[in-house]
Amino acid sequence: MFAMPDKKGRIFMAKKVLLTGDRPTGKLHIGHYIGSLKNRVKMQNSGEYDPYIMIADLQALTDNARDPEKIRRSLVEVALDYLAVGIDPAKSTIFVQSQIPALSELNMYYLNLVTVSRLERNPTVKAEIQQKNFNRSIPAGFFTYPVSQAADITAFKGEVVPVGDDQEPMLEQTREIVRSFNSIYGDVLVEPTGVFPPKGSGRLPGLDGNAKMSKSLGNAIYLADDAATLTKKVMSMYTDPNHIRVSDPGQVEGNMVFTYLDVFDPDKQQVQALKEQYQAGGLGDVKLKRYLNEVLEAELAPIRERRNEFAQDLGAVYEILRQGSIRANEVANQTLQEVRAAIGVNYFDNIPTPNQG
Ligand code: TRP
């Protein structure tokens with residue numbers, strides 16, 4: 001926030017524009033919650049930001065063009081997840097990327113400011129191309145999505161972009177596009193700053209101990225999971241395979257129950273005591289898992305309840321997205337006008353009369 005005089009000369013605190021988003025390719029899980037959603041809600045409620053939260057369906061389509069139904073279904077699931085965790089449409093503009101045509105036009109201008117070899121160097125896109133086994137058949141839209149992401153951010157003059165570590169290359173590329181645009185056409189765009197999860201917090205591993213919690217690995221706890229599903233998943237978690245009898249000394253490192261307790265249990269002393277007991281022998285996995293289940297249930301039950309309430313009126317949820325998209329269009333269209341004028345493609349803004357030549 002910084003002090004700024006308004007039109008009548010009164011001093012007020014200008015809020016920083018926060019912009020972030022998610023691809024709607026499935027429901028969000030507790031890894032998303034810990035890694036970003038929880039922090040977004042905190043930033044929203046601090047009152048220091050003007051948050052724009054985007055459901056990035058265009059970006060999701062760049063590698064799902066043949067499965068649009070998945071994106072359509074996931075859109076409302078992601079919206080429900082947002083509302084469930086406390087993203088509040090009265091404080092944040094929640095909107096849908098495809099409903100903002102200005103983003104696609106900005107993308108067209110920005111594509112000319114980026115070289116193919118620069119795009120090829122983006123390490124996140126490189127890794128995704130490997131993972132998805134595209135080989136030589138990379139959809140051009142997928143290859144260029146970092147440019148479209150620059151449009152997402154700059155359309156709102158986003159200053160603060162809270163994202164996962166894997167998004168750092170996108171921010172770097174956005175800043176390069178901003179600098180290049182501003183130096184060629186004049187100062188219109190704003191350079192964004194990424195806000196990343198605290199160092200060492202890492203990402204939440206899956207139930208099975210895999211480094212990544214993901215739908216395709218079947219090792220995720222979803223915000224939408226009911227209490228029985230949560231319990232079943234906790235009971236299936238990977239612990240210490242050599243901890244056979246209750247009396248055996250157990251391993252804490254790599255034991256997912258302790259990894260999750262470290263993240264979710266506010267009572268750090270209790271976690272420490274459990275670790276010592278487990279290492280000494282005498283603490284059984286079932287008892288330990290029941291405890292983790294309680295900890296998770298305490299955090300997730302209110303989220304689940306709110307999600308169920310919103311899910312009873314999907315019409316209202318779509319209306320929130322529609323209203324958010326109307327607001328987002330106003331802001332993005334304003335930036336687009338400035339961009340068109342800077343490039344000089346605003347031909348019809350001042351049509352010369354015959355007298356003026
Ligand atoms: N690439 C982001 C992800 O995969 C989603 C996204 C699209 C995004 N546009 C954005 C994030 C703009 C921040 C800002 O999670």
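Order of appearance sets the numbers: ligands from 1, and atoms from 1 within every ligand.
- The nearest heavy-atom contact from the protein to atom 15 (O) of ligand 1 is G21 O, 4.0 Å.
- With respect to atom 14 (C) of ligand 1, the closest heavy atom belonging to the protein is L19 CD2, 3.5 Å.
- Considering both main-chain and side-chain atoms, T20 never comes within under 3.5 Å of ligand 1 through any nitrogen or oxygen pair.
- The protein heavy-atom contact nearest to atom 9 (N) of ligand 1 is D152 OD2, 2.8 Å.
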Open item on the list: Go through it in stages, so that I can follow the logic: the residues are T239 and Y278, the test is side-chain contact (heavy atoms from CB on, under 4.5 Å), and I'd like the CA-CA distance, side-chain angles, deciding distance and then a yes or no.
Closed with: CA-CA 11 Å; T239 58; Y278 195 82; 4.0 Å; yes
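- Here the protein heavy atom with the shortest distance to atom 8 (C) of ligand 1 is Q149 NE2, 3.4 Å.
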Show the numbers, then the answer: is there a salt bridge (charged side-chain N to carboxylate O under 4.0 Å, His left out) between R179 and E191? CA-CA 8 Å; R179 287 196 283 267; E191 277 190 49; 3.0 Å; yes
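- Using a 4.0 angstrom heavy-atom cutoff, M54 counts as in contact with ligand 1.
- Under the 4.0 Å criterion applied to side-chain N and carboxylate O atoms, K233 and E297 are not assigned as salt-bridge partners.
- Below 4.0 Å from some heavy atom of A56 lie the following atoms of ligand 1, by number and element: 7 (C).
- Taking every non-hydrogen atom of V161 and a distance limit under 4.0 Å, the qualifying atoms of ligand 1 come out as 13 (C), 14 (C).
- Interface atoms of ligand 1 facing R23, defined by a heavy-atom separation under 4.0 Å, are 4 (O).
- The side-chain tip of R307 does not point at the ring of Y222 from less than 6.0 angstrom away and within 45° of straight on.
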### Query
side-chain contact (heavy atoms from CB on, under 4.5 Å) between L80 and K27: does it pass, once the steps are laid out?
CA-CA 9 Å; L80 284 170; K27 291 177 290 194; over 6 Å; no
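- The nearest heavy-atom contact from the protein to atom 7 (C) of ligand 1 is Q59 NE2, 3.3 Å.
- Ion pairing between a basic and an acidic side chain is recognised when a charged N comes within 4.0 Å of a carboxylate O; E172 and R121 show no such pairing.
- Heavy-atom neighbours of D313 CG from other residues, nucleotides or ligands within 6.0 Å: above the threshold of 12.
- Of the protein's non-hydrogen atoms, Q167 NE2, 3.8 Å is the one closest to atom 3 (C) of ligand 1.
- Taking each heavy atom of G284 and V246 in turn, the nearest pair found is N-CG1, 3.7 Å.
- For ligand 1, the atoms lying closer than 4.0 Å to a non-hydrogen atom of V163 are 11 (C), 13 (C).
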